[in-house]
K.L.:
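Pasting a structure here, questions to come.
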Amino acid sequence: MATTPAPHPQAPPKPTWDPRDPVRPLLRPTIRIRLTLLYGGMFLIAGILLLSIIYVFTAQAVTHNLTQLPFKVVTGKVQPTTSWCELPVQGTGEQLNAAVSACLKYQQDKALDDLLRRSLFALLGLSVIAFAFGYAMAGRVLSPLGRITRTARQVAGSDLARRIELDGPDDELKELADTFDEMLDRLERAFTAQQRFVANASHELRTPLAINRTLLEVHLSDPGAPVELQQLGKTLLATNERSEQLVEGLLLLARSDNQIVERKPVDLAEVAERAVDQVHAEAEAKGVEIRGERAPVVVQGNGVLLERIALNLLQNAVRYNLPEDGWVEVTTEAQHGQAVLVVSNTGPVVPAYEIDNLFEPFRRLRQERTGSDKGVGLGLSIARSVARAHGGRISAEPREGGGLVMRVTLPI
């Protein structure tokens, strides 16, 4: 019975903020900010409720106690001491009692307003202190997460030897840190095994191919060898050279998938010029014109690997071109704080749905496996891996009228 394959898990959503932006990370809704707002908001709401209750109780107590005067004025003279209390200098008892009640009511309202104003100022000050205290406490509670994040960034720079080694109580954060350390151990073992395999494969695969090439060249140098044997030797030598290119491409593809640890300033225009010089003879033989302006733009990376990107793109642009009157345009420039290398060429019309397949190993346009003399099918795969290792990206789009426009974007 046929079983339905399990669906592939979806990748987690990417962050909508750029960590290299000096302003945006300060404004993004971090857990620390959310906890600060939560704790400070709860304190503010509790303070407002407490202030309202105290105000209501105070108003009720004052109103209840001062509703009736504890004395009664029968007769006499009154001399006011304030401008807001208007008392008759002389009058009947009822007039004096009414005037005194009005003055006390006004003084009661004034006392409540003063209480409310002072309480609001006190609440405002305590709220500032509460938010600051909550921010500090949230930072202390979340400091292990910051340590985990810093270690993850160092690991992203190919420093797999780093570990969190979080100490403290055996809580959820320590469990997360220990799990992350175990994952790093497995990753380090896997990458070490991969590097060991690449080193062994480099020796085991290159040596017999080099021996075969030497033997074939020795036999071909014999002037007395039959013509049929020389033709067979040339065919085998071309096949051996193709195998060497395939091995070199596979090893370079395996190495370039990692991040570049040692970076140096590299002029992308100079890299493009060296690549143009290497394919100039092949372009002339095929009648392809190479043109374009290359402005100096310096990036941080490995010059040899960056030259490999330009060389692979140029070789593809020359080989997959028009039979006659073809051209390749190579430009370098700085755009929006990034270095851009653009290689566009004339050639056959490329369907848009075939673009993604071109970057897969051993894939070509309308071909599944390698089967021509134009390469081994690893050029664009290597270019994409090298671009990713430098923190950049490579994209392609069909050119109107035929051909492709390859764009490599690298951080400056």
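The figures here come from the full heavy-atom set of this structure, side chains too, leaving out hydrogens, waters and symmetry mates. Since the structure is predicted, the reported quantities are computational estimates derived from the model, not experimental observations.
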K.L.:
Take Leu341 and Val330, measure what side-chain contact (heavy atoms from CB on, under 4.5 Å) needs, and give me the verdict at the end.
P.N.:
CA-CA 7 Å; Leu341 167 66; Val330 185; 4.0 Å; yes
K.L.:
Under a 4.5 Å cut-off applied to non-hydrogen side-chain atoms, are Leu176 and Leu145 in contact?
P.N.:
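With C-beta onward as the side chain, the pair touches.
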K.L.:
Of all the heavy-atom pairs spanning Ser344 and Val405, show the shortest one and how long it is.
P.N.:
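Ser344 and Val405 have their closest heavy atoms at CB-CG2, 3.8 Å.
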K.L.:
Is the closest side-chain heavy-atom distance between Leu404 and Asn345 below 4.5 Å?
P.N.:
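Contact flag for Leu404/Asn345 side chains = yes.
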K.L.:
Please identify each residue that fulfils salt bridge (Lys or Arg N to Asp or Glu O under 4.0 Å) with Asp178, with sequence neighbours left out.
P.N.:
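Partners of Asp178 by the salt bridge (Lys or Arg N to Asp or Glu O under 4.0 Å) criterion, ordered by chain and then number, come out as Lys174.
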K.L.:
Which residues satisfy the side chain to side chain donor-acceptor pair (under 3.5 Å) test with His280, sequence neighbours excluded?
P.N.:
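Counting only residues at least two positions away or on another chain, His280 forms a side chain to side chain donor-acceptor pair (under 3.5 Å) with Glu284.
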K.L.:
Determine yes or no for a side-chain-to-main-chain donor-acceptor pair under 3.5 angstrom, with Asn321 supplying the side chain and Ala317 the backbone.
P.N.:
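Side chain of Asn321 to backbone of Ala317, a donor-acceptor pair under 3.5 Å: yes, one is there.
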K.L.:
Would you check if Asn316 and Met406 make a side-chain contact, meaning some heavy-atom pair closer than 4.5 Å?
P.N.:
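Side chain of Asn316 against side chain of Met406, heavy atoms only: no contact under 4.5 Å found.
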K.L.:
State the CD-CD distance between Glu293 and Glu333, to the nearest 0.5 angstrom.
P.N.:
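If I round to the nearest 0.5 Å, the distance is 10.0 Å.
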K.L.:
Output the distance between atom CZ (Phe180) and atom CD (Glu175), rounded to the nearest 0.5 Å.
P.N.:
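Here the interatomic distance stands at 15.0 Å.
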K.L.:
Return the minimal non-hydrogen interatomic distance between Ala130 and Phe43, and the atom names on each side.
P.N.:
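Heavy-atom minimum between the residues: CB-CD2, 3.4 Å.
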K.L.:
Which residues satisfy the side chain to side chain contact (heavy atoms under 4.5 Å, CB included) test with Met137, sequence neighbours excluded?
P.N.:
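Met137 satisfies side chain to side chain contact (heavy atoms under 4.5 Å, CB included) with Phe133 once adjacent residues are dropped.
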K.L.:
Just grab all the side-chain hydrogen bond (donor to acceptor under 3.5 Å, both in side chains) pairs involving residues 396-412, residues at least two apart or on different chains.
P.N.:
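Matches after skipping sequence neighbours: none remain.
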K.L.:
Using the test side chain to side chain donor-acceptor pair (under 3.5 Å), find all partners of Gln300 that sit at least two apart in sequence or belong to another chain.
P.N.:
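Counting only residues at least two positions away or on another chain, Gln300 forms no side chain to side chain donor-acceptor pair (under 3.5 Å).
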K.L.:
Can you check whether Asn240 reaches Leu209 side chain to side chain, under 4.5 Å on heavy atoms?
P.N.:
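Counting from C-beta outward, Asn240 and Leu209 do come under 4.5 Å.
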K.L.:
Using side-chain heavy atoms (C-beta onward) and a distance below 4.5 Å, is Pro398 in contact with Val349?
P.N.:
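Of all side-chain heavy-atom pairs linking Val349 with Pro398, none is under 4.5 Å.
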K.L.:
For Leu116, check side chain to side chain contact (heavy atoms under 4.5 Å, CB included) against everything at least two apart and list the hits.
P.N.:
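So Leu116 forms a side chain to side chain contact (heavy atoms under 4.5 Å, CB included) with Leu51, Tyr55, Leu120.
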K.L.:
Can you give the donor-acceptor pairs under 3.5 Å from side chains of residues 215-231 to other protein atoms, not counting sequence neighbours?
P.N.:
unit_1 : atom_1 : unit_2 : atom_2 : d
Ser221 : OG     : Glu217 : O      : 3.4
Ser221 : OG     : Val218 : O      : 2.6
Asp222 : OD1    : Gly224 : N      : 3.2

K.L.:
Any idea which heavy atoms bring Ile412 and Ala334 closest together, and the distance?
P.N.:
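Reported closest heavy-atom pair: CD1-CB, 4.2 Å.
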K.L.:
List for me each residue that meets side chain to side chain donor-acceptor pair (under 3.5 Å) alongside Arg117, sequence neighbours excluded, and say none if there are none.
P.N.:
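Residues passing side chain to side chain donor-acceptor pair (under 3.5 Å) with Arg117: Asp114.
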K.L.:
Distance from Asp181 atom CG to Ile148 atom CD1, nearest 0.5 Å?
P.N.:
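That separation rounds to 8.5 Å.
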K.L.:
Report the distance from atom CD1 of Ile54 to atom CG of Leu50, rounding to the nearest 0.5 Å.
P.N.:
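Between Ile54 CD1 and Leu50 CG, I get 4.0 Å after rounding to 0.5 Å.
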K.L.:
Of the non-hydrogen atoms in Thr346 and Gly326, which two are nearest, and what is the gap between them?
P.N.:
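Shortest heavy-atom separation between Thr346 and Gly326 comes out as OG1-CA, 3.3 Å.
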K.L.:
How many angstroms lie between CG in Asp113 and NZ in Lys110, if you round to the nearest 0.5 Å?
P.N.:
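Separation between the atoms: 10.0 Å.
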K.L.:
CD of Glu282: more than 12 outside heavy atoms within 6.0 angstrom?
P.N.:
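Buried by this count: over 12 neighbours within 6.0 Å.
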K.L.:
If we only count heavy atoms from C-beta on, is the Gln335 to Gln338 side-chain gap below 4.5 Å?
P.N.:
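No, side chains not in contact.
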K.L.:
Identify each donor-acceptor pair in which a side-chain atom of residues 265-274 lies under 3.5 Å from a protein atom, sequence neighbours left out, and give them as a table.
P.N.:
unit_1 : atom_1 : unit_2 : atom_2 : d
Asp267 : OD1    : Ala269 : N      : 3.1
Asp267 : OD1    : Val297 : N      : 3.1
Glu270 : OE2    : Arg274 : NH1    : 3.2
Glu273 : OE2    : Arg294 : NE     : 2.8
Glu273 : OE2    : Arg294 : NH2    : 3.3
Arg274 : NE     : Glu307 : OE1    : 3.1

K.L.:
The criterion is side chain to side chain contact (heavy atoms under 4.5 Å, CB included); which residues satisfy it with Leu124, sequence neighbours excluded?
P.N.:
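Expected list: none.
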K.L.:
List the residues meeting side chain to side chain donor-acceptor pair (under 3.5 Å) with Asp185, not counting sequence neighbours, and say none if there are none.
P.N.:
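With neighbours one apart ignored, the set is Arg163.
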K.L.:
Can you name the closest pair of heavy atoms from Ala396 and Ile355 and give their distance?
P.N.:
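Minimum heavy-atom contact is O-CG2, 3.5 Å.
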K.L.:
Any side-chain heavy atom of Met183 sitting closer than 4.5 Å to one from Thr179?
P.N.:
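Not in contact.
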K.L.:
Does a side-chain heavy-atom distance below 4.5 Å link His390 with Val299?
P.N.:
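Heavy-atom side-chain distance check fails, nothing below 4.5 Å.
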K.L.:
Glu289: which residues meet the side chain to side chain contact (heavy atoms under 4.5 Å, CB included) condition with it, sequence neighbours left out?
P.N.:
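Partners of Glu289 by the side chain to side chain contact (heavy atoms under 4.5 Å, CB included) criterion, ordered by chain and then number, come out as Arg291, Trp327.
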K.L.:
Would you compute the distance between atom CZ of Arg308 and atom CG of Leu305 and round it to the nearest 0.5 angstrom?
P.N.:
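Going from the CZ atom of Arg308 to the CG atom of Leu305 covers 9.0 Å.
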K.L.:
For Val408, run the side-chain contact (heavy atoms from CB on, under 4.5 Å) check against Ile309, Thr332, Val342 and tell me which one passes.
P.N.:
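So, applying the side-chain contact (heavy atoms from CB on, under 4.5 Å) to Val408 and each of Ile309, Thr332, Val342, only Ile309 qualifies.
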